[in-house]
Amino acid sequence: MKGLGTLATIWSRPAPPVGTTPSDVIHHENKWRLLRYRPRAAGIVHETPVLLVPSLINRHYVLDLLPQKSFAAYMVSRGHDVYAIDWGVATDEDRYLTFDDVCDGYLGRATRLVARRSARNQAHVLGYCLGGTLAAIYTSVRPDHVASLLALAAPVRFEDDGMLSAWTRDPRFNVASLTGALGNVPEGLLQVAFKMLRPTLTASKLVHFLDKAWTDESLEGFMALEMWGNDNIPFPGACYQRYVEELYRNDALLAGTFTLSGLPARLENITCPTLAVTFEHDTIVPWPSAAALVDRVTSVDKQRLHLPGTHVGAVVSQKAATTLWPRISAWWAARDAAAGPADDAKATRLASATAR
Amino acid sequence: MLWDRFKKGFDAWENTTAGYLEKALKSPTVLGPTGALLSAAMKAKARADRAKTSFWAGLGLPTKRDQERSLHALNQLESRLMDLEERLAEKK
């Protein structure tokens, strides 16, 4: 009966408190911001900071969903120095933003800024979904400031049997005419496309929601995830065009023909420790598409973690907090330990970064 | 009990239907015309936009595209300045 009462509050509930882990903006450029989550009171334990790179089409707060379901807060609590890119919302003039502007320009600056705050002048880079693709491309061209690459459900092989691949490869879909007419790809169009990946998902979610949402916590979690899922952002036009034409249609990343600012972006050039996390029931990025990263990089220290779950659920669920998150934290900690302590002069930078 | 049976049946229906829909949505007979329709609609919109643009340009007024280009150029300029600041900071 209490559960029924909880469920009945769905209409009168305030919006769930998403993205509330305390953070400071340490850089702002065009629409994107670089956030630093405030370190825990006990201080930072791990020398190398962590940079979270979300997908370009989703809000960054998926990695900081709710106070009790926050990947970022968990990493802070484990003593990591955590930074995240918030891509912001592209507006009309951003139709001219190219893939190079975003990947080499914005992601590059974020990586350098975070790395500069560390004793080793490097950062662990975690990219989620398209953010992982961006991170892999960037690392393949400019590896200097990347201590390790963690690709979370990040597509690398685009020629797969997934729906997105089939849709974007159809020759009668003219990408140039889409971006020419609309500029940025509107969030509404992206959302419809994602819903069409599994049109029955809304009904399925509703039934499973009735099964679980009898407690405040489950109801809030469901609402937060739905809020995030319906909170897409426009995709900068020129960037989208290259993404579809070169990555989806030509599979240029795997073919080794993709370039970043005129330089070849070959996955074989990645030599830093690399971890690719793939999910068994991922319909947005089928797992073989994400697993290809580990096959291609030439890192001595590389591994793939294959887990059950879906593209989003497996990253933000309560189960993720006890399975995936601790493994990621341990993976970073082990890479820090393997790298050994930073020299004393540089270590003072870590201390000052902690104080800032 | 009744709910569990319903859920079992629902899950079976959902899986089957999703499978059929996926096949249909990936089929060239659906994708082809949809892609062509979308492209045609986009081309028509672009033509209408061009007509509006030439009207405003004919009056000697800046168009939306002009403003977008200017704003983008300003943003690029800001980024270049930041690049320079970064290089200076590195040299210090």
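Side chains included, hydrogens not; waters and symmetry mates left out as well; all remaining heavy atoms used. The chains referred to below are lettered A, B, ... by the order of the sequence lines, with proteins before strands, and numbering in each begins at 1. Please read these numbers as outputs of a predicted model, since none were measured by experiment.
For residues 28-40 of chain B, heavy-atom neighbours of chain A at less than 4.5 Å comprise Pro28(B), Leu31(B), Gly32(B), Gly35(B), Ala36(B), Leu38(B), Ser39(B), sorted by residue number. Along residues 66-76 of chain B, the residues that come nearer than 4.5 angstrom to chain A, judged on non-hydrogen atoms, are Glu68(B), Arg69(B), Leu71(B), His72(B), Asn75(B), Gln76(B) in order of number.
Under the 3.5 Å distance criterion, the side-chain polar atoms of Ser317(A) are matched with a main-chain donor or acceptor of Gly313(A). With Asn232(A) contributing its side chain and Glu187(A) its backbone, the two residues share no donor-acceptor pair below 3.5 Å. Between the side chain of Asp86(A) and the backbone N or O of Gly88(A) there is at least one donor-acceptor pair closer than 3.5 Å.
Comparing Ala181(A), Pro171(A), Pro199(A) by how many heavy-atom pairs each has under 4.5 Å with chain B, the most go to Ala181(A). Between chain B and the residues Met163(A), Arg198(A), Arg109(A), Glu29(A), the largest count of heavy-atom pairs under 4.5 Å involves Arg109(A). Note on Arg65(B), Lys7(B), Glu22(B), Glu78(B): by heavy-atom pairs under 4.5 Å with chain A, the leading option is Arg65(B). Ranked by heavy-atom pairs shorter than 4.5 Å toward chain A, the options Asp49(B), Asp83(B), Asn15(B) are led by Asp83(B). Taking Leu197(A), Asp94(A), Asp101(A), Thr283(A) one by one and counting their heavy-atom pairs under 4.5 Å with chain B, the maximum is reached by Asp101(A). Top candidate by heavy-atom pairs under 4.5 Å with chain B, chosen from Ser204(A), Gly180(A), Ala166(A), is Ser204(A).
Heavy atoms of Leu113(A) lying under 4.5 Å from chain B are absent altogether. In this structure, chain B has a heavy atom under 4.5 Å from the side chain of Asp170(A), while its backbone stays farther away.
The shortest distance between side-chain heavy atoms of Leu164(A) and Phe194(A) falls below 4.5 Å. Residues His311(A) and Val285(A) have side chains in contact (heavy-atom distance under 4.5 Å, counting atoms from C-beta outward). Counting heavy atoms from C-beta on, the side chains of Asp282(A) and Trp287(A) never come closer than 4.5 Å. With a 4.5 Å cut-off on side-chain heavy atoms, Leu134(A) and Tyr243(A) do not count as touching. The closest side-chain heavy-atom distance from Lys45(B) to Leu182(A) is below 4.5 Å. Contact annotation: the side chain of Thr310(A) approaches that of His281(A) to within less than 4.5 Å [non-hydrogen atoms, C-beta and beyond].
Once rounded to the nearest 0.5 Å, the distance linking CG of Leu35(A) with CG of Leu51(A) reads 10.5 Å.
Atom CZ of Arg157(A) is surrounded by 12 or fewer heavy atoms from other residues, nucleotides or ligands within 6.0 Å. Atom CH2 of Trp13(B) is surrounded by more than 12 heavy atoms from other residues, nucleotides or ligands within 6.0 Å.
Using a 3.5 Å distance cut-off with no hydrogens or angles, the side chains of Lys195(A) and Thr202(A) do not pair a donor with an acceptor.
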